[in-house]
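Right, one structure below, let's go through it.
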Amino acid sequence: MTAGGAPKAGRKEWIGLGILALPTLLVALDVFVLLLALPHLSADLGANSNQQLWIMDIYGFLVAGFLVPMGTLGDRIGRRKLLLIGGAAFGAASLLAAFATSPAMLIAARVLLGIAGAAISPSTLALISTMFQDAKQRAAAIGMWASCFTLGAIIGPMLGGVMLEHFWWGSLFLLGVPVMVLLLIVGPKVLPESANPEAGRIDLPSVALNLGTTLPVIYGIKETARNGWSPLSGAAIVVGIVLGVLFVRRQRALTAPLLDVSLFRHGRFSASLLGLLAYSLIGGTVMLLMTQYFQAAQRMTPIESGLGLLPGMAAATVSFMVCPIIARKIRPAYVIGAGIVGVVAVLLVFSQLSADSGTATLIAGFAVFSFCGAPIVALGTNMVVGAVPPEKAGSAGALSQISNEFGAALGVATLGTLGLAVYRDRVADTVPATVPADAAEAARDSVSGAAAATQNLPQQLADALMEPVRVAFTGGIHTVATVSAILIAVAGAFFVALMRHVPPIGQEEAPAEAASSDEQTLAA
């Protein structure tokens with residue numbers, strides 16, 4: 001027992017954390033290996049461009065749509081039970097995807113993978129909060145859990161590249177099968193069961209309203225980011241918002257709501273979710289621009305681009321482990337605030353890049369960016385989970401994941417679109433007149449279009465085309481970096497101001513004191 005009375009986790013719990021880390025790593029890895037496999041499976045299955053988009057996007061749509069229902073379902077039927085059901089479904093869907101014989105069959109498998117993935121993530125985080133009741137141990141465990149997402153980004157491109165050289169594309173999906181078998185065998189022995197004993201029945205109209213809120217909004221945001229604004233994407237977002245209002249109203253009226261909206265009365269809960277949203281908004285956009293710059297402007301291969309992100313992912317992994325230890329001595333808000341200062345500094349450096357800067361500054365800058373941004377994710381997630389009663393841990397875990405999903409999608413749609421607009425404006429009149437009209441038009445549309453057009457041009461013309469493209473794309477990076485620096489600085493100042501009263505990890509107030517300070521913060 002600790003001084004505060006919370007029991008210390010033992011060997012069984014740490015082994016359980018290792019078991020929980022495996023499916024988390026796999027869910028993250030699944031996204032990155034598919035990026036490499038897409039050209040191969042598209043050629044083999046004869047998938048057209050529209051089917052390719054569905055193969056890529058449907059997984060994320062379903063994960064985002066089902067996180068809240070799955071988190072609440074775990075609170076009701078048991079988090080371990082739901083995790084094992086989700087693991088079994090993920091393994092079966094992985095087999096279906098590996099041996100898919102048509103685009104439709106693969107899309108169906110990705111649908112099942114998305115629903116199963118939504119069952120895994122909140123259950124995993126909720127079980128961690130149950131297993132690690134000591135605040136210091138819980139913060140360390142959540143840091144390790146969060147690092148699995150970056151490890152998936154590190155391992156995914158390299159492992160995927162090696163496997164595609166020696167096996168067929170379906171082998172990438174088979175990676176999930178032995179992991180889920182191990183989870184099903186060892187999980188019941190080392191993972192405790194936990195649930196909310198007072199939970200009522202699942203309200204099906206609330207599930208429908210939740211899906212009707214999440215799926216159209218995510219779809220509208222992604223479509224806007226990919227193709228610009230259209231009546232369809234705008235209508236989807238509006239429909240989602242209207243249904244979201246109805247969803248919230250229904251939750252307030254129910255005695256056993258799908259989502260307890262009173263959770264947002266906790267100051268540290270709401271502020272932490274906002275911090276996660278703000279960081280994922282700029283983090284996803286920075287990664288998108290970097291990979292575009294590597295592959296299009298610098299003509300690097302996908303594997304080379306992945307290796308360019310490797311130092312950043314490694315730095316984030318180290319930071320995930322270190323920041324909970326630092327936060328035992330220094331208030332978490334100040335640790336996060338110091339990290340945000342580092343993130344802002346890197347973004348300001350990016351805002352001064354020149355077209356001839358090459359890749360070294362971006363690679364080094366992204367490593368610092370990732371190291372400084374990791375406390376927002378690790379400590380913010382710990383605050384989200386630690387601010388709610390144990391019986392609500394599944395819902396809290398689901399909301400933290402939704403913040404990441406919405407933030408990444410919203411960032412690409414807004415900041416990514418802003419960068420594209422600046423690029424198009426600057427490249428419009430700078431393409432050399434000697435470049436063929438179709439190649440010039442492709443370059444004016446996007447940097448990836450310019451890179452594709454150079455494949456059919458003589459080397460001299462290709463170099464002449466890519467020079468103004470690099471200049472214009474760098475201008476887009478300048479604008480996005482500047483706006484991102486302002487956004488994260490404002491969000492960081494807001495977060496530190498609200499959360500500065502939260503003591504170092506392991507020195508928390510009594511629950512009644514914590515609730516009182518949260519209410520005072522919200523009132524202020």
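Heavy atoms only: backbone and side chains are in, while hydrogens, waters and symmetry mates are out. As the structure is a prediction and not an experimental result, all values here were calculated from the model.
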Of all the heavy-atom pairs spanning [X] and [Y], show the shortest one and how long it is.
X: Ser94; Y: Gly176; value: OG-CA, 4.4 Å
X: Val469; Y: Ala443; value: CG2-CB, 4.2 Å
X: Met499; Y: Met383; value: SD-SD, 4.5 Å
X: Val335; Y: Ala327; value: CG2-CA, 4.2 Å
X: Met180; Y: Ile120; value: CE-CD1, 3.7 Å
X: Gly380; Y: Ser272; value: O-CB, 3.5 Å

Problem - Leu106 and Phe173: CA distance, side-chain angles, deciding distance, side-chain contact (heavy atoms from CB on, under 4.5 Å) verdict - result: CA-CA 11 Å; Leu106 183 55; Phe173 290 103; 4.2 Å; yes
So do [Y] and [X] actually touch side chain to side chain, heavy atoms under 4.5 Å?
X: Val431; Y: Arg444; answer: yes
X: Arg110; Y: Leu113; answer: yes
X: Trp145; Y: Asn382; answer: no
X: Ile282; Y: Leu347; answer: yes
X: Phe90; Y: Leu183; answer: no
X: Ile142; Y: Pro324; answer: no
X: Leu461; Y: Thr434; answer: yes

Handout entry: Residue that, paired with Thr285, satisfies side-chain contact (heavy atoms from CB on, under 4.5 Å) out of Leu415, Val483, Leu418
Key =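 In the set Leu415, Val483, Leu418, the residue that makes a side-chain contact (heavy atoms from CB on, under 4.5 Å) with Thr285 is Leu415.
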Problem - Reference residue Phe66; test side-chain contact (heavy atoms from CB on, under 4.5 Å); the match among Asn210, Ile115, Leu215 - result: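 With Phe66 as partner, Asn210, Ile115, Leu215 yield a single side-chain contact (heavy atoms from CB on, under 4.5 Å), made by Ile115.
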Handout entry: Ile376 vs Phe495, side-chain contact (heavy atoms from CB on, under 4.5 Å): CA-CA, chis, key distance, verdict
Key = CA-CA 10 Å; Ile376 305 173; Phe495 179 87; over 6 Å; no
Exercise for the section: Go through Val480 and Val422 one step at a time and tell me if the side-chain contact (heavy atoms from CB on, under 4.5 Å) criterion holds. Expected result: CA-CA 9 Å; Val480 172; Val422 172; over 6 Å; no
Distance-only, no hydrogens or angles: does the [X] side chain make a donor-acceptor pair with backbone N or O of [Y] under 3.5 Å?
X: Ser171; Y: Trp168; value: yes
X: Ser351; Y: Leu348; value: yes
X: Ser319; Y: Ala315; value: no
X: Thr381; Y: Ala378; value: no

Exercise for the section: Could you walk me through whether Tyr59 and Val63 pass side-chain contact (heavy atoms from CB on, under 4.5 Å), step by step? Expected result: CA-CA 6 Å; Tyr59 177 83; Val63 168; 3.9 Å; yes
Rounded distance [0.5 Å steps], [atom1] in [X] versus [atom2] in [Y]:
X: Leu112; Y: Leu96; atom1: CG; atom2: CG; result: 6.5 Å
X: Phe473; Y: His478; atom1: CZ; atom2: NE2; result: 11.5 Å
X: Met290; Y: Ile363; atom1: CE; atom2: CD1; result: 6.5 Å
X: Met70; Y: Ser123; atom1: CE; atom2: OG; result: 8.5 Å
X: Leu362; Y: Phe369; atom1: CG; atom2: CZ; result: 12.0 Å
X: Thr479; Y: Leu420; atom1: OG1; atom2: CG; result: 12.0 Å

Practice task
Determine, using ring centers only, whether Phe350 and Phe366 are less than 6.0 Å apart.
Solution key: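 Phe366 vs Phe350: aromatic centres not under 6.0 Å.
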